[in-house]
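The structure appears right after this line, and notes come after that.
Residue numbers start from 1 in every chain, and the chains themselves are labelled A, B, ... in the order their sequence lines are given, proteins ahead of strands.
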Protein chains: 2
Amino acid sequence: MAAEPWAVDPSSDRPIYKQIADALRQRLDAGEYGAGDKLPSESELMQQFGASRATVRKAFDVLMGEGRVESRRGVGIFVRIPPSALFVLRDTDRLKRKTWGANKHSSRRRPFERDAEESGARFRQEIRQLMEVPAPANVARHLAVNEGDPVFVRRRRISLDGRPAHLGDSYLPLDIAVGALRERDTGPGGTYARIEDAGHRLSHFDEQLTFRMPTSTERRALRLGPGVPVVDLVRIAHTRTRPLECFVAVMAGDRYRFAYEIPAD
Amino acid sequence: MAAEPWAVDPSSDRPIYKQIADALRQRLDAGEYGAGDKLPSESELMQQFGASRATVRKAFDVLMGEGRVESRRGVGIFVRIPPSALFVLRDTDRLKRKTWGANKHSSRRRPFERDAEESGARFRQEIRQLMEVPAPANVARHLAVNEGDPVFVRRRRISLDGRPAHLGDSYLPLDIAVGALRERDTGPGGTYARIEDAGHRLSHFDEQLTFRMPTSTERRALRLGPGVPVVDLVRIAHTRTRPLECFVAVMAGDRYRFAYEIPAD
DNA sequence: CAGTGGTCTAGACCACGAT
DNA sequence: TCGTGGTCTAGACCACTGA
């Protein structure tokens, strides 16, 4: 059992740990191991490949960095189970007045709440902070205020089906942050509904997405597995004349799918 | 020089390599090292923290996995320089008929070509494959054909300023893939312009984004640094009555920013 | 209890870049 | 040539899981 067809070639330029990772990846791709299956233990692989433990572990590190496997201490290393549901965020729904607006045809839900329920997930919002802060540089630019000027921020953590899904901070200019917008519960329709209650009329949203690996803090807060990226979302809510809100979120990359419908004209 | 304030605590529950990573991360956040700066060498850190080389290296591995530092063999470890430009892809422009259309007000550019030039980048398209293939499951579903039915695929690699930025595959039903759509150069306006030349009228695009770490193959093809995720983009071009194209791309997560403008109504 | 993965050490040889 | 990071080994102790 020592010299399988996929045995490593010590004379190759390619490092042994990468060869082992390649071999394992190939077995994964071939469906030899399915989602949730246990891979051979480190000691088994040491024998199979005739490598030291550190080398075998390094091969596993590669696959973990790719988000393909994950380890359970005292048990083994397993093929990663993709999140049971990928929550689809649709621009054609979640940001429309018919979702959050105050009129009688609206479902009066928050943008994320709507998409969550549409996917059959339990939506939970947990307020982390509710306070005035000096505007950070990027927020200031988007809200057309000076950096350091006081703005009101609502920091929350959203969970879907009991698992954290994103950290979302909503920044409001002080003249907008009044009444329910400073309370824990903003009520039906959420922030956007309250903004319109105050007589403003939202015209459109600018949404931008960028991508990176999480910091260790974010990894903890979102309970991210190894090899899972995050999406930085920045969304500005506009009236025809001015920006009224800057929403900044760090979202678990393995829990969301973004969907946009774009007219050709 | 052995017992700095940020020295590690061997009695702590937190592993030494994570404490070292924390200390380094803190120095990075504090701006002690700027983009492109060289960090202390492994042997220096071994002395500073009184740890073995393997432990110091593991700390660096953590930061590399976060995409914050990168190593140059024979030289040192450096603070990662973010890509000089983040190319902004705007739904309000790139997918509009005024960009790619055949009328005389159109700029007659490909969607990505437009955004690249707008950012002042050199756009280069390299055809990797041009052939009929059996439709993969996801493509078949989107194009409303049966899995395995022949479709025509245009596989290309797009580079911006000489660096690869994404791998994009355009799948076309056979009745659509005629004339210039089977040639290397589809001409001004690209695929969408040729589709409309044939008498079809595109109404809208459905675009979906998901996120993950690259495979080792993709890492090579896109020349991705460690700790850089990719975006899977799937875009379906529709007429009012049927889907005409399925575009599937793997995009370097550190080179693109996606921007969408969403009306409130 | 035995087996698993998690951490850490000490030492070795190598390829590479700068000088 | 020297210092850098890249790979690899052999061995150790630990914490955890499951039988």
Show every donor-acceptor pair shorter than 3.5 Å between a side-chain atom in residues 134-141 of chain B and any protein atom, with sequence neighbours excluded, or say none if there are none.
none

I need the residues from residues 54-73 of chain B with at least one non-hydrogen atom less than 4.0 Å from DNA chain D; give them sorted by number, or say none. B:R57, B:S71, B:R72, B:R73
CZ-CD distance between B:R14 and B:Q19, expressed to the nearest 0.5 angstrom: 7.5 Å
Counting only N and O atoms by type, is there a donor-acceptor contact under 3.5 Å from the side chain of A:R114 to the main-chain atoms of A:L89? no
With the threshold set at under 4.0 Å for non-hydrogen atoms, list the residues of residues 216-226 of chain A touching DNA chain D in residue-number order. none
Round to the nearest Å and state the distance from B:F78 atom CZ to C:dC16 atom P. 17 Å
Value in whole Å for how far the P atom of C:dC16 lies from CD1 of B:I77: 18 Å
Where chain B begins and ends its contact with DNA chain D, read 5' to 3' at 4.0 Å from heavy atoms: D:dG3 to D:dT7
Between B:R25 and B:D22, does any NZ, NE, NH1 or NH2 come within less than 4.0 Å of an OD or OE carboxylate oxygen? yes
Between B:D185 and B:R110, is there a side-chain N and carboxylate O pair less than 4.0 Å apart? yes
Counterpart residues, ring-ring contact (aromatic ring centres under 6.0 Å, His included), relative to B:Y171 (two or more places apart): none
If you take the centroid of each ring, where Trp contributes its six-membered ring, are A:F87 and A:F123 closer together than 6.0 Å? no
Whether A:F112 and A:Y256 hold their rings parallel, tilted or perpendicular, with breakpoints at 30° and 60°: tilted
Ignoring hydrogens and angles, write down the donor-acceptor pairs under 3.5 Å from the side chains of residues 67-79 of chain B, residues two or more places apart or on other chains.
unit_1: B:R68; atom_1: NH1; unit_2: B:D29; atom_2: OD1; d: 3.3
unit_1: B:R68; atom_1: NH2; unit_2: B:D29; atom_2: OD1; d: 2.8
unit_1: B:E70; atom_1: OE1; unit_2: B:R80; atom_2: NE; d: 3.4

How about B:R156 and B:Q125: does a side-chain donor come under 3.5 Å of a side-chain acceptor? yes
